[in-house]
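None of the values given here were measured: they were computed from a predicted structure.
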Amino acid sequence: MEFEARFVWCTTDHVWTEVYSTSQKRWLHCDPCENVCDKPLLYEIGWGRKLSYIFAFSKDEVVDVSWRYSCKHTELLTRRTQLGEGLLRQTINKLNSERKHFLPQERKQELLERYIVELVEFISPKTPNPGELGGRISGSVLWKVTRGETGAHAQNCGFSFLTTEKEKTAKLFHLKYSAAENNYIRVSNDNEIIHNWEKGVWKMNSVFRKVEQDWKMVYIARTEGAASARVSWKFECGSVGLKIVNVSIRSTSQTFQSGNIQWHLHSNLTNVDLSGGVYCYDQNIHSF
């Protein structure tokens, strides 16, 4: 395919490849073991690796690319203790000087321009994308658990829906969520809008909002590479002196291949397993 490639070695025991994209004018992370491309935060965020040194080797140069694979630069620096940063730069510069000595000036200029682009990338920590949140795919489950690379990416968002005075007076709480618009509509509180689905979540684990541009579809899905996922919402009534008389839940879900989705309704009085569709709870009567 004639792509320029670099061998990437991470001192925490993993190797992968970088491929230069002439159209994007940048180096792309590619890991054939995990079947992923351009997901550089996979190891730190998805696998939970404590990174320190990551080097890329090509026929023309050596580059310290640690900063591409971390969004926690301050933490990463605290683990880079094997030698001083100044000595490391001097060593790499010496190696590169020897490698580039016989290169044509045009090639040297090309490598310099690429390196400047990389430096700009390095000083701007990235935000993790959904595809970088999952655990490791390659290897047995036992081996991944032993290494702590199953990718239990859990977040305790801690948001609870509390009834307002208007809702207490009306004795009604009505909430809707639109994946397409990515907002909640609190119908019972003058159609109040809460933007971003994560803002209304109590807890979530390996879940994200997926946008399919080609298929024009938007939905909440399990993150790529995660063996399981979970999301929960919390509605608080007891603390404001209210008692739930009936509950109506309407939801839709879809699975592919061997996927499985389970819905659960929990309270301090009852726990009900659902399977999607419409659910109604009316005191001691359950219908679904």
Does atom [atom1] ([X]) have a neighbourhood of more than 12 heavy atoms from anything else shown, all under 6.0 Å?
| X | atom1 | value |
| --- | --- | --- |
| N196 | CG | yes |
| H101 | NE2 | no |
| E85 | CD | yes |

Got [X] and [Y] here, is their nearest side-chain heavy-atom distance under 4.5 Å?
| X | Y | value |
| --- | --- | --- |
| Y219 | E212 | yes |
| T17 | F7 | no |
| R230 | V207 | no |
| L265 | N271 | no |
| S267 | I244 | no |
| D273 | Q262 | no |
| Y69 | C10 | no |
| T127 | L41 | no |

hydrophobic_cluster_shared for [Y] and [X], side chain cutoff 4.5 Å:
| X | Y | value |
| --- | --- | --- |
| L76 | F122 | yes |
| L111 | V62 | no |
| F55 | L87 | yes |
| W233 | I185 | no |
| Y177 | V231 | yes |

Original post:
Would you say the side-chain atoms of E44 and S70 include a donor-acceptor pair closer than 3.5 Å?
Top reply: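 The answer is yes; a qualifying pair exists.
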Original post:
So, S58 and D60: side-chain donor and acceptor under 3.5 Å apart, yes or no?
Top reply: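 No - no donor-acceptor pair under 3.5 Å links their side chains.
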**OP:** Check the pair V272, H266 against side chain to side chain contact (heavy atoms under 4.5 Å, CB included), reporting the backbone distance first and the verdict last.
**Re:** CA-CA 6 Å; V272 182; H266 299 281; over 6 Å; no
Original post:
Salt bridge check: are D13 and R49 linked by an N-O gap of less than 4.0 Å?
Top reply: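 No salt bridge links D13 with R49.
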Heavy-atom closest pair, residues [X] and [Y]:
| X | Y | answer |
| --- | --- | --- |
| A229 | R222 | CB-CG, 3.7 Å |
| W197 | F208 | CZ2-CA, 4.0 Å |
| R186 | L175 | CA-CD1, 4.0 Å |
| L88 | D64 | CD2-OD2, 3.7 Å |
| V218 | A179 | CG1-O, 3.1 Å |
| L77 | W67 | CD2-CH2, 3.7 Å |

Tell me if a side-chain donor or acceptor on [X] pairs with a main-chain N or O of [Y] at a distance below 3.5 Å.
| X | Y | answer |
| --- | --- | --- |
| R209 | A180 | yes |
| Y53 | S66 | no |
| R79 | S52 | no |

Original post:
Given the rule in the side chain to side chain donor-acceptor pair (under 3.5 Å) test, do E167 and S188 qualify, once you have shown the distances and angles that lead to the verdict?
Top reply: CA-CA 6 Å; E167 291 165 335; S188 53; 2.7 Å; yes
**OP:** Decide yes or no on side chain to side chain contact (heavy atoms under 4.5 Å, CB included) for T91 and R89, but give the supporting numbers first.
**Re:** CA-CA 5 Å; T91 302; R89 285 193 298 271; over 6 Å; no
Would you give the length of the straight line joining atom [atom1] of [X] to atom [atom2] of [Y], rounded to the nearest 0.5 angstrom?
| X | Y | atom1 | atom2 | value |
| --- | --- | --- | --- | --- |
| I220 | M204 | CD1 | CE | 9.5 Å |
| K171 | K168 | NZ | NZ | 11.5 Å |
| S97 | I92 | OG | CD1 | 13.5 Å |
| K176 | I193 | NZ | CD1 | 10.5 Å |
| L112 | N96 | CG | CG | 11.5 Å |
| T11 | L51 | OG1 | CG | 8.0 Å |

**OP:** Test side chain to side chain donor-acceptor pair (under 3.5 Å) on N93 and Q90 and set out the steps.
**Re:** CA-CA 5 Å; N93 289 340; Q90 290 176 18; over 6 Å; no
**OP:** For H195, check ring pair (Phe, Tyr, Trp, His ring centres under 6.0 Å) against everything at least two apart and list the hits.
**Re:**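 Scan of H195 (ring pair (Phe, Tyr, Trp, His ring centres under 6.0 Å), adjacent residues dropped) gives none.
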Original post:
What about the rings of F235 and F173, do their centers lie closer together than 6.0 Å?
Top reply: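 Yes, the ring of F235 comes within the 6.0 Å limit of the ring of F173, centre to centre.
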Side chains of residues 114-121: which donor-acceptor partners sit under 3.5 Å, not counting sequence neighbours?
unit_1 : atom_1 : unit_2 : atom_2 : d
R114   : NH1    : E4     : OE1    : 3.2
R114   : NH1    : E4     : OE2    : 3.3
R114   : NH2    : E4     : OE2    : 2.8
R114   : NH2    : E110   : OE2    : 3.1
E118   : OE2    : R6     : NH2    : 2.7
E118   : OE2    : R68    : NH1    : 3.2
E118   : OE2    : R68    : NH2    : 2.8
E121   : OE1    : R68    : NH2    : 3.1
E121   : OE2    : R68    : NE     : 3.0
E121   : OE2    : K126   : NZ     : 3.0

**OP:** Please test Q105 against Q109 for side chain to side chain donor-acceptor pair (under 3.5 Å), starting from the C-alpha separation and ending with a verdict.
**Re:** CA-CA 6 Å; Q105 186 59 38; Q109 183 63 31; 4.7 Å; no
**OP:** Could you please spell out the steps behind the salt bridge (Lys or Arg N to Asp or Glu O under 4.0 Å) verdict for K108 and E106?
**Re:** CA-CA 5 Å; K108 291 181 180 179; E106 182 179 342; over 6 Å; no
Kindly list each side-chain donor-acceptor pair under 3.5 angstrom involving residues 25-32, sequence neighbours excluded, with atom names and distances?
unit_1 : atom_1 : unit_2 : atom_2 : d
R26    : NE     : Q24    : OE1    : 2.9
R26    : NH1    : D38    : OD1    : 3.3
R26    : NH2    : Q24    : OE1    : 2.8
R26    : NH2    : D38    : OD2    : 2.7
H29    : ND1    : K39    : N      : 3.1
H29    : ND1    : K39    : O      : 3.4
H29    : NE2    : Y43    : OH     : 2.8
D31    : OD1    : C33    : N      : 3.0
D31    : OD1    : E34    : N      : 3.4
D31    : OD2    : H14    : NE2    : 2.8
D31    : OD2    : Y43    : OH     : 2.6

